[in-house]
Amino acid sequence: QVQLVESGGGSVQPGGSLRLSCAAASSIFTISTMGWYRQAPGNQRELVATITSGGSINYADSVKDRFTISRDNAKSTVYLEMNRLKPEDTAVYYCNAAGVFRTKQYNFWGQGTQVTVSS
């Protein structure tokens with residue numbers, strides 16, 4: 001099991017911004033596709049954004065043009081910059097690391113961090 005340590009959640013008013021961070025073990029970070037997912041009460045966990053080891057990025061339609069995912073391989077950290085937040089962005093946000101190591105697939109999750117958007 002690889003530990004993913006998330007930080008940066010909190011409460012913000014609509015239209016505000018937050019930045020989430022997720023630090024991972026350096027041994028897998030550079031080979032992993034890193035992602036952010038979220039789960040609101042009563043809903044299934046859904047993809048927010050992913051970034052591959054080569055830097056290819058994918059966003060959910062609901063966050064395009066508002067959220068930015070990035071990674072710093074030197075710090076083994078992935079970030080999610082969230083702007084123009086909406087109440088519907090309220091959820092627990094989870095960091096994910098996925099890939100293949102020595103022919104075995106892996107898929108690790110962080111503990112989650114709460115993001116609340118409310119006036």
Side-chain angles (χ1 to χ4, degrees):
Q1 181 69 24
V2 171
Q3 188 175 18
L4 303 178
V5 181
E6 300 147 340
S7 59
S11 296
V12 65
Q13 292 187 340
S17 299
L18 285 173
R19 188 174 84 153
L20 306 182
S21 300
C22 172
S26 60
S27 59
I28 68 155
F29 184 86
T30 54
I31 65 172
S32 296
T33 292
M34 300 300 298
W36 289 97
Y37 293 73
R38 67 187 181 187
Q39 187 168 17
N43 290 355
Q44 291 189 339
R45 193 171 298 188
E46 64 178 8
L47 179 145
V48 176
T50 59
I51 182 167
T52 69
S53 58
S56 296
I57 291 172
N58 180 48
Y59 292 106
D61 288 343
S62 58
V63 306
K64 279 181 181 177
D65 300 322
R66 297 190 299 122
F67 290 11
T68 302
I69 189 170
S70 61
R71 63 190 294 160
D72 185 336
N73 288 337
K75 296 181 179 180
S76 298
T77 300
V78 62
Y79 304 98
L80 185 69
E81 185 76 34
M82 305 184 292
N83 297 314
R84 303 199 311 275
L85 282 159
K86 304 176 181 180
E88 51 264 43
D89 295 318
T90 296
V92 178
Y93 284 69
Y94 296 91
C95 178
N96 175 264
V100 178
F101 181 71
R102 293 181 180 175
T103 75
K104 290 187 178 181
Q105 289 187 328
Y106 60 87
N107 192 31
F108 299 125
W109 295 92
Q111 79 283 0
T113 185
Q114 177 70 47
V115 171
T116 302
V117 185
S118 174
S119 55

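Just so it is clear, the structure is predicted and the values come from calculations on it, not from any experiment.
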TODO: Can you tell me which residue pairs pass the salt bridge (charged side-chain N to carboxylate O under 4.0 Å, His left out) test with a partner in residues 15-29, sequence neighbours excluded?
DONE: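 Output for this query is empty, none listed.
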Task: Inter- and intrachain pairs under salt bridge (charged side-chain N to carboxylate O under 4.0 Å, His left out), touching residues 105-119, at least two apart - done: none
Open item on the list: I'd like to check the salt bridge (charged side-chain N to carboxylate O under 4.0 Å, His left out) partners of Glu81; sequence neighbours left out, ordered by chain and number.
Closed with: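 Residues passing salt bridge (charged side-chain N to carboxylate O under 4.0 Å, His left out) with Glu81: none at all.
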- [ ] With sequence neighbours excluded, tell me which residues meet salt bridge (charged side-chain N to carboxylate O under 4.0 Å, His left out) with Asp65.
- [x]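 Salt bridge (charged side-chain N to carboxylate O under 4.0 Å, His left out) check on Asp65 returns nothing, list empty.
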Open item on the list: I need the full list of disulfide bond (SG atoms under 2.5 Å apart) pairs touching residues 76-119, with sequence neighbours left out, sorted by first then second residue.
Closed with: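 For residues 76-119: Cys22-Cys95.
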Those residues that, when tested against [X], pass side chain to side chain donor-acceptor pair (under 3.5 Å) (two or more places apart):
X      : result
Gln114 : Thr116
Asp61  : Lys64
Asn73  : Arg71
Asp72  : none

Could you go through residues 39-48 and list every donor-acceptor pair under 3.5 Å that involves a side-chain atom there, pairing it with any protein atom two or more places apart or in another chain?
residue: Gln39; atom: NE2; partner: Asn43; partner atom: O; Å: 3.1
residue: Glu46; atom: OE2; partner: Arg38; partner atom: NE; Å: 2.7
residue: Glu46; atom: OE2; partner: Arg38; partner atom: NH2; Å: 3.3

Rounded to the nearest 0.5 Å, what separates atom [atom1] in [X] from atom [atom2] in [Y]?
X     : Y     : atom1 : atom2 : answer
Asn96 : Leu4  : CG    : CG    : 7.5 Å
Ser70 : Ile57 : OG    : CD1   : 7.5 Å
Met34 : Leu80 : CE    : CG    : 11.5 Å

- [ ] Report the residues that fulfil ring pair (Phe, Tyr, Trp, His ring centres under 6.0 Å) with Tyr37, sequence neighbours left out, ordered by chain and then residue number.
- [x] Trp109
Open item on the list: Holding to ring pair (Phe, Tyr, Trp, His ring centres under 6.0 Å), I want the full list of residues that pass it with Phe108, two or more places apart in sequence or in another chain.
Closed with: Tyr106
Open item on the list: Hydrophobic clustering (ILVMFWY, side-chain heavy atoms < 4.5 Å, transitive) - are Leu18 and Tyr94 grouped together?
Closed with: no
